[in-house]
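Chain naming here is simple, since letters A, B, ... match the order of the sequence lines and numbering starts at 1 in each. Hydrogens, waters and symmetry mates play no part in the numbers below; they use all other heavy atoms, side chains included.
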Amino acid sequence: MKEKAMIGKGNGRFIFGMTAPTMLILLIMTVYPVIFTIVYSFTDYNYLKGIHPFIALENYVKLFENVYFRQAVFNTVLFTVLAVVSEVFLGLLLALYVRSLKKRQKLLRVLILLPYLLPAVTVALIWRMMLSPNYGIANQLLQTIGLPVFNWFRDPNTAFGTILVIDIWQNTPFAFLLLYACLQGVPDSQYEAAAIDGAGYFQSFWHVTLPNITGGLALCAMLRTIDTFRLFEKVNILTGGGPANTTSTITQYMYTYGIKTLDFGFASACAIVMTVFVLILSAVYIKRAVQS
Amino acid sequence: MMKKSYLMTALKGIVGVLIIFLVLFPIYWLILMSIRPMSEMSGRISLIPGSITLEHFIKLFTEEGFDVALKNSLINSTISLVLSLATGLCTAYILARARFHFGLKKTMTKWILLVRVLPPVAFVIPLYTLFTKLGIIGTRLPIILACILINIPLIIWFMITFFQDLPGEVEESAKIDGATEWQLFWKIVLPLVLPGIAAVAMLSFMYAWNEYTYSVILTRSPENYTIPLMLSVLNTEDNVTNFGLVSAGGLTSFLPILLFVIFAQNYLISGLSSGAVKE
């Protein structure tokens, strides 16, 4: 009893000491920026001119009237849907494959993981070299077998798809790893029961595996959506949003037309739109995580 | 029956080879380009180089200033890791334990989750103006702070579950022996969650090491360039003269992570896949 009281006394100071640094960092680095991004978004703030009169919703109106911005939103949504669906699907196939192996599961798991661990910049550069129209191995192979070659990043027909493939190559391993861990959690007894009932491979996948990993699939899709939606590195390095705006994403648009030009009011409005999108997309995830 | 299973094994083997080829060929190509002499990079490129050279690495580090970028990346990632761990672990412990109450606890927990989800663009503009006003925009501090901003929510969110999984009795009995809260945390709780710390430390280091978005916006002078920035500058147009340099730099950018994979892959993998089982 005495001891408990003693510890209880110092508790407040201990809690304060343990949380104050984080609190301070969060206030300066997140609370303050979010508030001021909102404030800036209602002003005509250019960093060089300095003056920033209040212009209400003008930035937002300008943004939504802008064809390039609308295209960037469209690209981002399309890219995210295609990338996430492919990554989860391919990740699941890989996980099922590796799980079905009798040996070398661990080795294969770590080899498959490697692309995800590379910096996005490095991944972009590797593919740029392989797909180089003049010196790349890809076009050389295509030529050898008589197929048409492309200037992959400059051709409006191929640029979007090429970046999509590169992103899928890098991030499928993450989906694989997560789903592989989920598969390990499916109890063997359920498979045995299904086998006794005479279920084949596909039946036991449908009735045993799938119901057990629905949560994992949803989480995986969620995490990949949040991450893919902010796509920037690969686009900025490989195409800068071109050709003809076909690969521009929201972040890339904001970088080109707001941050580089130091039009911080306009860029802030763009950031707010982006943030609202992300909040809507991740609402389910946040809700679930807070509850647990 | 025998025949069918034999066929199945063969098929699985072919699929495996195909997977490994798709996954590893680009990495193989990166390694190859970094040690291939420039004369072998144009015309018909062979899959296996005729001769091997280290000229790209030597030029990269002696003439292109990649040594500075490497130093910057190491310093930034390490400092931000140490600071994020120090503050993040303490906060995660408080948030994980029901016996610690304070008014903002729930708000703080939710805010941290939100910060983890929000994109960098939600914070970066006011940070840019703030750092300029403080006069630190020409230094390495903005990148270190940005990496701390990325890593603190990750560490807290990750470690909360680790702390919660510890049985409360350990702390109870230590308390009865008269340990202060700080001694309890430092001497008893932290050693028990070391595996979790190792896993999250590797993840944090990796994210700081790979960071590009904040860096490209918050860095002005080349002397503060990190490896991803330096690589993106080296990579100008479609220019074969830089392929060797870019590859050598790209391979260098992969080395620390490769060390994790070789020496501590279990921690790394448990860190990356933690979401699957924990949430």
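Both the backbone and the side chain of A:Ile28 come within less than 4.5 Å of a heavy atom of chain B. Looking at A:Tyr45, only its side chain comes within 4.5 Å of chain B, counting heavy atoms on both sides. Only the side chain of A:Leu279 comes within contact range of chain B, judged by heavy atoms closer than 4.5 Å. Of the two parts of B:Ala86, neither the backbone nor the side chain holds a non-hydrogen atom closer than 4.5 Å to a non-hydrogen atom of chain A. When heavy atoms are compared at a cutoff of 4.5 Å, A:Leu113 approaches chain B solely by way of its side chain, counted from C-beta outward. In this structure, no portion of B:Leu95 lies under 4.5 Å from any heavy atom of chain A. Of the two parts of B:Thr109, neither the backbone nor the side chain holds a non-hydrogen atom closer than 4.5 Å to a non-hydrogen atom of chain A. For B:Trp182, the parts lying under 4.5 angstrom from a heavy atom of chain A are both the backbone and the side chain. In this structure, chain A has a heavy atom under 4.5 Å from the side chain of B:Leu47, while its backbone stays farther away. When heavy atoms are compared at a cutoff of 4.5 Å, B:Leu89 does not approach chain A at all. For A:Arg109, the part lying under 4.5 angstrom from a heavy atom of chain B is the side chain only. Only the side chain of A:Thr144 comes within contact range of chain B, judged by heavy atoms closer than 4.5 Å. Only the side chain of B:Ile148 comes within contact range of chain A, judged by heavy atoms closer than 4.5 Å. Of the two parts of A:Phe174, only the side chain, counted from C-beta on, holds a non-hydrogen atom closer than 4.5 Å to a non-hydrogen atom of chain B. Contact of B:Leu268 with chain A is made through the side chain alone, with heavy-atom distances under 4.5 Å. Contacts of A:Ile112 with chain B are made by both backbone and side-chain atoms, with heavy-atom separations under 4.5 Å. Both the backbone and the side chain of B:Ile269 come within contact range of chain A, with heavy atoms under 4.5 Å apart. Interface residue A:Phe264: backbone and side-chain heavy atoms are both found under 4.5 Å from chain B. For B:Leu258, the part sitting under 4.5 Å from any heavy atom of chain A is the side chain, from C-beta outward, and nothing else. For a residue to count as touching a neighbouring chain, one of its non-hydrogen atoms must lie under 4.5 Å from one of that chain's; by this rule A:Ser282 touches chain B with the side chain only. Both the backbone and the side chain of A:Met129 come within contact range of chain B, each with at least one heavy atom under 4.5 Å from a heavy atom of that chain. Contact annotation for B:Phe131: only side-chain heavy atoms (C-beta onward) come within less than 4.5 Å of a heavy atom of chain A. Proximity to chain A (any heavy atom under 4.5 Å) is restricted, for B:Val115, to the side chain, taken from C-beta onward. Only the side chain of B:Val124 comes within contact range of chain A, with at least one heavy atom under 4.5 Å from a heavy atom of that chain. When heavy atoms are compared at a cutoff of 4.5 Å, A:Leu108 approaches chain B solely by way of its side chain, counted from C-beta outward. When heavy atoms are compared at a cutoff of 4.5 Å, A:Phe153 does not approach chain B at all. Interface remark: A:Leu262 contributes side-chain atoms only to the contact with chain B (heavy atom separation under 4.5 Å).
Counting heavy-atom pairs under 4.5 Å between each of A:Ile35, A:Leu125, A:Val278, A:Val39 and chain B puts A:Leu125 at the top. Ranked by heavy-atom pairs under 4.5 Å with chain B, the list A:Leu114, A:Ile259, A:Asp227 is led by A:Leu114. Residue with the most contacts toward chain A among B:Ile20, B:Leu83, B:Leu130: B:Leu130 (heavy-atom pairs, distance under 4.5 Å). Between chain A and the options B:Leu30, B:Ile125, B:Thr87, the largest number of non-hydrogen pairs under 4.5 Å is found for B:Ile125. Annotation: maximal heavy-atom pairing with chain A below 4.5 Å, among B:Thr132, B:Ile227, B:Leu251, B:Ile156, occurs at B:Thr132. In terms of heavy-atom pairs under 4.5 angstrom with chain B, the leader among A:Ser100, A:Gly17, A:Pro21 is A:Ser100. When the candidates B:Ala146, B:Pro26, B:Ala122 are compared by the number of heavy-atom contacts under 4.5 Å with chain A, B:Pro26 comes out ahead. Top candidate by heavy-atom pairs under 4.5 Å with chain B, chosen from A:Val123, A:Ile226, A:Thr122, A:Leu118, is A:Leu118. Per-residue heavy-atom pair counts under 4.5 Å with chain B were compared for A:Thr30, A:Thr275, A:Ile126, and the maximum is reached by A:Thr30. Per-residue heavy-atom pair counts under 4.5 Å with chain A were compared for B:Val246, B:Leu114, B:Val261, B:Ile27, and the maximum is reached by B:Ile27.
When atom types are taken as modelled, the side chain of B:Asp177 and the backbone of B:Ala179 share no donor-acceptor pair closer than 3.5 angstrom. Side chain of B:Arg116 to backbone of B:Ile152: no donor-acceptor contact under 3.5 angstrom is found. With hydrogens and angles ignored, the 3.5 Å screen pairs a side-chain donor or acceptor of B:Lys105 with a backbone N or O of B:Ile94. Remark: side-chain polar atoms of B:Trp29 are not paired, donor with acceptor, to backbone N or O of A:Trp127 under 3.5 angstrom. In this structure, the side chain of B:Ser84 engages the main chain of B:Ser80 through a donor-acceptor pair within 3.5 Å. Distance alone, capped at 3.5 Å, places no donor-acceptor pair between the A:Thr172 side chain and the A:Trp169 backbone. Judged purely by atom type and a 3.5 angstrom limit, A:Thr80 uses its side chain to pair as donor or acceptor with the backbone of A:Thr76. For A:Tyr32 (side chain) and B:Phe123 (main-chain N/O), no donor-acceptor pair under 3.5 Å exists by modelled atom type. Judged by distance alone, with hydrogens and angles left aside, the side-chain atoms of A:Thr249 form a donor-acceptor pair with the main-chain N or O of A:Leu231 at under 3.5 Å. Panel note: side chain B:Lys12, backbone A:Tyr97; no donor-acceptor pair is recorded below 3.5 Å.
Below 30°, between 30° and 60°, or above 60°: for B:Tyr128 and A:Tyr47 the angle between ring planes is above 60°, a perpendicular geometry. In this structure, B:Phe260 and B:Phe205 have perpendicular ring planes: the angle between them is above 60°, well past the 30° mark.
A distance of 14.5 Å separates OH in B:Tyr214 from OG1 in B:Thr226, rounded to the nearest 0.5 Å. Between B:Glu40 atom CD and B:Met33 atom CE the span is 10.5 Å, to the nearest 0.5 Å.
We find that B:Arg99 and B:Glu172 are not joined by a salt bridge, their nearest charged nitrogen and carboxylate oxygen being 4.0 Å or further apart.
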Take A:Gln170 and A:Lys234 through the side-chain hydrogen bond (donor to acceptor under 3.5 Å, both in side chains) test and state the conclusion after the steps.
CA-CA 11 Å; A:Gln170 174 161 38; A:Lys234 294 187 184 87; 2.8 Å; yes

May I have the step-by-step check of side-chain hydrogen bond (donor to acceptor under 3.5 Å, both in side chains) for B:Tyr212 and A:Asn236, ending in yes or no?
CA-CA 10 Å; B:Tyr212 176 76; A:Asn236 193 44; 2.9 Å; yes

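Within 6.0 Å of CZ in A:Phe16 there are 12 or fewer heavy atoms belonging to other residues, nucleotides or ligands.
A donor-acceptor contact closer than 3.5 angstrom links the side chains of B:Thr91 and A:Thr22. Remark: the A:Tyr135 side chain and the A:Gln140 side chain contain no N/O donor-acceptor pair separated by less than 3.5 Å.
Centroid-to-centroid, the aromatic rings of B:Phe100 and A:Phe14 come within less than 6.0 Å.
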